[in-house]
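As structure tokens, the structure follows; a few thoughts come after it.
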Amino acid sequence: MTKYTLDEVNDMYVDVLKEIGNVGSGNAATAIANMVGTRIDMKVPNVKLMDVGKLGSAIGPEEDTVIGIFLEVSHDIDGSMMFLLDLESGHYLADKLLMKENVVHEQMEVFDEMELSALKEVGNIITASYLSALASMTNLTILPSVPYICVDMAAAILSVPAIEFGLVGDRALLIETEICADVAIRGYFILMPEQESYYKILSALGLSL
């Protein structure tokens, strides 16, 4: 197997995973469009491989309140995944899924149980679509856990997987996602494999340090 420097591997790794992101987002867009009954396009404008500790500044102000859908992945690789949405985008998607029209949300941080359930399903679809694309390209079996959802400051949400998996300072894949429907929605998909799983993915993609 050909060996590369870490920088070369990271560049090729991101290129491949951006393509995986494009495939995953296309599958997710189709599934969500069927749910809400309207055409939805999803694009992947930006992919970064970065230290987990820098994720907060990459997605915006850490004190901003966001919606986080978090799940663990296991089997051939171990780690965590997360999909983040801003509050306005979250309300838009929840209203669409629950067939609410012309709703005024005076308290943007407040979501009822039905709205959270709808958003959890959106996050589940998006993360499952990315996982399926990654599994197809690597021939690895990747199993997701039941997703968890919370509404909190970005810094607080991002600290959970970093602490749980001891990943502070290790690499995370950040995929910026644009969802285009009646309005433009921006979200962030984050994959944080454990160190050993990172090398398994590299090996499955034909890369080696």
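This is a predicted model, so every value here is computed, not measured.
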Self-check item: Pairwise distance CD1(Ile190) to CD1(Ile69) - rounded to 0.5 angstrom
Solution: 11.0 Å

Self-check item: Exceeds 12 heavy-atom contacts within 6.0 angstrom, atom CD of Gln107
Solution: no

Self-check item: Leu143 CG to Glu72 CD distance, which is reported to the nearest 0.5 Å
Solution: 12.5 Å

Quiz item: What about Val110 and Leu119, same hydrophobic cluster or not, with Ile/Leu/Val/Met/Phe/Trp/Tyr joined at side-chain heavy-atom distances under 4.5 Å?
Solution: no

Quiz item: Under the ring-ring contact (aromatic ring centres under 6.0 Å, His included) rule, what pairs show up with a residue in residues 17-40, not counting sequence neighbours?
Solution: none

Quiz item: Would you say Met108 has more than 12 foreign heavy atoms packed within less than 6.0 Å of its CE?
Solution: yes

Quiz item: What heavy-atom pair brings Met81 and Leu191 nearest, and what distance separates the two atoms?
Solution: CG-CD1, 3.6 Å

Self-check item: Side-chain heavy atoms of Glu115 within contact of Lys100, under 4.5 Å
Solution: yes

Self-check item: Closest heavy-atom pair and its distance - Leu140, Ala135
Solution: O-CB, 3.3 Å

Quiz item: Atom CD1 of Ile142 and atom OG of Ser74: how far apart are they, to the nearest 0.5 Å?
Solution: 10.0 Å

Quiz item: Looking at CD1 of Ile67 and NZ of Lys120, how far apart are the two atoms once the value is rounded to the nearest 0.5 Å?
Solution: 13.5 Å

Exercise. Would you give the length of the straight line joining atom CG of Leu84 to atom OG1 of Thr177, rounded to the nearest 0.5 angstrom?
Key: 10.5 Å

Quiz item: Any side-chain heavy-atom pair from Leu87 and Val151 closer than 4.5 angstrom?
Solution: yes

Quiz item: Side chains of Asp76 and Asn139: closer than 4.5 Å at any heavy-atom pair?
Solution: no

Quiz item: Got a sec, which residues hit salt bridge (Lys or Arg N to Asp or Glu O under 4.0 Å) with Glu88, two or more places apart in sequence or on another chain?
Solution: none

Quiz item: Tell me, do Ile157 and Val66 make a side-chain contact under 4.5 Å, heavy atoms counted?
Solution: yes

Quiz item: Okay, side chain of Ser117, backbone of Glu113: is any donor-acceptor separation there less than 3.5 Å?
Solution: no

Practice problem: Identify the residue among Met153, Met192, Met82 that makes a side-chain contact (heavy atoms from CB on, under 4.5 Å) with Leu158. | Solution: Met82

Practice problem: Please examine the side chains of Ile149 and Phe111, heavy atoms only from C-beta on, and report whether any two atoms are closer than 4.5 Å. | Solution: no

Quiz prompt | Geometric class of the Tyr130/Phe189 ring pair [parallel <30°, tilted 30-60°, perpendicular >60°] | solution = tilted

Quiz prompt | Verify same cluster id: Leu98, Leu85 (apolar side-chain graph, 4.5 Å) | solution = no

Quiz item: Taking the side chain from Ser132 and the backbone from Ala128, do they hold a donor-acceptor pair closer than 3.5 Å?
Solution: no

Quiz prompt | Flag side-chain contact, heavy atom, 4.5 Å: Leu97 against Glu121 | solution = no

